[in-house]
Amino acid sequence: MGVAAKIAPSMLSSDFANLASEAHRMIQDGADWLHMDIMDGHFVPNLTLGAPVIQSLRKHTDAYLDCHLMVTNPLDYVEPLAKAGASGFTFHVEVSKDNWQELVHRIKSKGMTPGVALKPGTPIEEVFPLVEGETHVDMVLVMTVEPGFGGQKFMPETMDKVRTLRKKYPSLNIEVDGGLGPSTIDIAASAGANCIVAGSSVFGDPDPAKVISLLRTSVEESQKK
Ligand code: DX5
Ligand code: ZN
């Protein structure tokens, strides 16, 4: 048996004006996690949501809120997001080279689960120390598009990183994010990803439950091989 499949619809593709009902709908449709894209308009050109929105949503759901921090200064977000009720806190390695240990330590001390993300152009070796150290993250998020926007095309060349990670760390949570859907899930699942973020493919389909179930089946079937 492999690492448990976690299907995480990206709420970036939801109707933000109805965030609570969109979250309920996804959980009813079989989602394990809700992926929350926090963008600061600086690390990435887009600006989305922050702690106040997480706090509002938390009042309406007990779901695991998988927060993906596309921000230049993740350390500043630890305290506010913990207070707001975030569950996972995944920061980018590109902006945390000097302070990742402090960051991981603080995330854990606030009761959140630490993860590290890397952009398509960032070599996988950069996250090894964060996975192996005594202070370590619980998940690596391999970006399969350039972070910033939903609806982009999956980059298959990022799969080498997933394969390398899975070979080296059989029980690590490996998340993929960007362009995942029925036509790309098999390549990501067979490379070894177990946490699947999907925005436009889930919200853009008239039957999101069917898409979520298809993503899960692909992960589970790949693990049997
Ligand atoms: C992109 C975000 C993703 C995005 C994925 O920067 O990190 O989570 O919402 O959306 P899709 O699945 O549409 O590529
Ligand atoms: Zn994301």
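We use all heavy atoms of the structure for the numbers below, so side chains are in, but hydrogens, waters and symmetry mates are not. Computed from a predicted model, the values in this text were never measured in an experiment. Order of listing sets the numbers, starting from 1, for every ligand and every atom in it.
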Please determine which of Y77, F43, W100 meets the ring pair (Phe, Tyr, Trp, His ring centres under 6.0 Å) test together with H92. F43
Which atom of H68 is nearest the Zn ion (ligand 2), counting N, O or S only? It is ND1
Among N, O or S atoms, D177 approaches the Zn ion (ligand 2) most closely through OD2
Say whether [X], considering both its backbone and side-chain N or O atoms, lies within less than 3.5 Å of an N or O atom on ligand 1.
X: A198; answer: no
X: L180; answer: no
X: L12; answer: no
X: E146; answer: no
X: G178; answer: no
X: D177; answer: yes

[X] side, atom [atom1]; [Y] side, atom [atom2] - distance, nearest 0.5 Å:
X: D40; Y: L69; atom1: CG; atom2: CG; answer: 9.0 Å
X: S14; Y: M36; atom1: OG; atom2: CE; answer: 7.0 Å
X: K210; Y: L215; atom1: NZ; atom2: CG; answer: 11.0 Å

Show the atoms of ligand 1 that are less than 4.0 angstrom away from any heavy atom in [X].
X: S200; result: 11 (P), 12 (O), 13 (O)
X: H68; result: 7 (O)
X: G179; result: 11 (P), 12 (O), 14 (O)
X: M39; result: 6 (O)
X: P147; result: 6 (O)
X: H35; result: 8 (O)
X: S10; result: 4 (C), 8 (O), 9 (O)
X: M70; result: 6 (O), 7 (O)

Pairing of [X] and [Y] as salt bridge, 4.0 angstrom limit:
X: E102; Y: R106; answer: yes
X: K119; Y: E94; answer: no
X: E126; Y: K161; answer: no
X: D66; Y: K6; answer: no

What protein heavy atom sits nearest [atom], and how far off is it?
atom: atom 11 (P) of ligand 1; value: G151 N, 3.6 Å
atom: atom 1 (C) of ligand 1; value: F149 O, 3.5 Å
atom: atom 12 (O) of ligand 1; value: G199 N, 2.7 Å
atom: atom 10 (O) of ligand 1; value: G150 CA, 3.5 Å

Ignoring hydrogens and geometry beyond distance, is a side-chain donor-acceptor pair present between T113 and D138 at under 3.5 Å? no
Are side-chain N/O atoms of R166 and S171 paired as donor and acceptor at under 3.5 Å? no
Tell me whether G148 reaches ligand 1 (any heavy atom closer than 4.0 angstrom to a ligand atom). yes
Quick check: closest heavy atoms across G88 and Y64, and the distance to 0.1 Å? CA-OH, 3.4 Å
Got P114 and L103 here, is their nearest side-chain heavy-atom distance under 4.5 Å? no
Less than 4.5 Å apart, any side-chain heavy atom of F91 and any of M70? no
Side chain to side chain donor-acceptor pair (under 3.5 Å) partner of H68, chosen from D177, T48, T90: D177
Between D37, I38, V202, which one has a non-hydrogen atom sitting closest to atom 2 (C) of ligand 1? D37
What angle, in degrees and rounded to 10°, do you get at the Zn ion (ligand 2) when you join it to OD1 of D37 and to NE2 of H35? 90°
